Amino acid sequence: MPVEPAAPQPRRSRQARTVWGSRVVTVGGDAPVRVQSMTNTDTQDAIGTAIQVKELAIAGSEMVRITVNTPEAAQAVPYIREQLDRMGIDVPLIGDFHYNGHRLLTEFPACAQALSKYRINPGNVGKGDKHDKQFGQMIDAALRWDKPVRIGVNWGSLDQELLAGLMDENSRRAMPWDARSVMYEALITSAIDSAKLAESMGMDGSQIILSCKVSGVQDLVSVYRELARRCDYPLHLGLTEAGMGTKGTVASSVALGILLQEGIGDTIRVSLTPQPGESRTQEVVIASEILQALGLRSFVPSVTACPGCGRTTSTTFQELAKQIDDHLRSQMPVWRAKYPGVEKMKVAVMGCIVNGPGESKHADIGISLPGTGEAPAAPVFIDGQKALTLRGDNIAAEFHQIVENYIEQ
Ligand code: SF4
């Protein structure tokens with residue numbers, strides 16, 4: 001039997017739409033898995049927030065969430081939208097509401113209108129009798145302004161009454177579940193019951209997206225597998241509070257990678273804690289790279305480079321790989337429109353003859369630089385065939401030009 005190539009399983013969710021102006025962003029069904037992000041500015045600072053939304057959108061975020069937590073923030077939202085429209089940034093804005101969303105969406109209709117989607121956290125829309133009333137006010141706003149909603153459950157702010165009820169029920173079981181399983185059940189029940197409640201209030205089920213965020217990789221995989229089994233709402237994936245730097249990047253990549261490979265997830269966010277001085281856009285780059293690494297989407301040409309070893313004569317190949325990668329990324333805003341399909345291109349920059357020619361042949365265009373003890377020659381491969389050999393001190397500049405010519409042609 002031949003070995004079947006691995007591929008992500010098809011997704012099984014229905015489709016929701018997020019709209020702003022002429023921009024329609026579909027989520028779920030056969031739409032591409034969407035990249036989204038969130039600002040960390042004070043939304044009252046409308047200019048600062050608009051600038052960060054613009055940066056995130058340019059980095060590739062297809063939807064941007066902003067906190068709407070006070071009357072001042074709600075008042076700033078239409079102004080932020082106006083500034084973005086003026087700058088030609090038509091990325092949909094999602095309002096992130098907790099505790100007082102029902103009041104803000106009711107008392108500030110311009111805010112409700114300017115947003116493209118509302119994130120509702122069912123764990124903090126009110127307790128007891130107030131819960132359904134306040135949740136209903138948010139759904140009313142969504143219906144009035146024709147907006148989709150994301151019902152976003154988070155285990156840090158889980159509905160405590162629901163959790164207490166499930167724990168109580170569990171204690172009466174002949175064979176009680178472990179505490180983690182009860183927590184998973186509470187997350188999933190909160191999301192699905194809230195979606196059903198929204199539908200009973202008149203919301204079209206196709207305008208509801210669900211998320212159940214937790215901060216542990218195995219917990220996220222367990223919860224989303226079950227959530228996907230129990231419903232066909234589009235799912236937003238993210239490891240909440242993933243952490244800083246390498247830890248957050250690796251944990252998010254692993255968790256999202258497992259689920260996306262199983263066909264689970266329609267939109268993703270990588271929630272990184274930025275290091276001092278680190279750009280917020282890093283989370284968008286990582287989310288895009290996850291999708292590209294899985295073969296789900298292509299955003300920029302990929303550069304394959306070996307790690308280098310004792311056979312590497314100099315750092316030339318590392319510098320060349322970085323230069324090519326930086327150049328390709330920087331040109332993408334122009335090239336994407338000018339050269340359709342360029343984002344699927346593969347370039348290889350390799351350090352010696354051991355894997356250099358082989359890897360270069362697998363790429364659209366590749367170069368194998370000379371390693372220790374090898375003749376000072378760098379064969380270049382184009383479309384799997386050896387095309388020419390570069391020699392001398394200008395190998396980097398000449399290869400750069402060959403890549404440019406290849407793209408133009
Ligand atoms: Fe080392 Fe050559 Fe392999 Fe690169 S391709 S890691 S230089 S053996």
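The model shown is predicted, which means the values in this text are computed figures rather than measured ones. As the structure lists them, so they are numbered: ligands from 1, and atoms in each ligand from 1. Below, each value reflects all heavy atoms present in this structure, side chains not excepted, and no hydrogens, waters or symmetry copies.
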**Report entry** Test: Glu185 and Arg173 ion pair at under 4.0 Å
**Finding:** no
Query raised in the report: Are any of the side-chain nitrogens in Glu319 or Lys322 under 4.0 Å away from the carboxylate oxygens of its partner?
Result: no
Report summary line: Judged by heavy atoms only, the candidate from Ala305, Gly308, Gly351 nearest atom 6 (S) of ligand 1 is Gly308
Query raised in the report: Near Asn355, which atoms of ligand 1 are under 4.0 Å from a heavy atom of that residue?
Result: 3 (Fe), 5 (S)
**Report entry** Those atoms of ligand 1 less than 4.0 Å from some heavy atom in Thr312
**Finding:** 7 (S)
**Report entry** Heavy atom of the protein closest to atom 4 (Fe) of ligand 1 (residue, atom name, distance)
**Finding:** Cys306 SG, 2.4 Å
Report task. May I ask you to say whether Lys338 pairs ionically with Glu343, meaning some side-chain N is under 4.0 Å from a carboxylate O? Result -> no
Query raised in the report: Tell me: protein heavy atom nearest atom 2 (Fe) of ligand 1, and distance?
Result: Cys352 SG, 2.2 Å
**Report entry** Asp393 atom CG: more than 12 heavy-atom contacts under 6.0 Å
**Finding:** no
Query raised in the report: Quick check: does Cys309 put an N/O/S atom under 2.8 Å from atom 1 (Fe) of ligand 1?
Result: yes
**Report entry** Test: Arg269 and Glu62 ion pair at under 4.0 Å
**Finding:** no
Query - Atoms of ligand 1, numbered as shown, that sit under 4.0 Å from any heavy atom of Arg311 - result: 8 (S)
Requested in this report: Before accepting this row, confirm whether a basic side-chain N of the pair Arg34/Asp266 lies closer than 4.0 Å to the acidic partner's carboxylate O.
Outcome: no
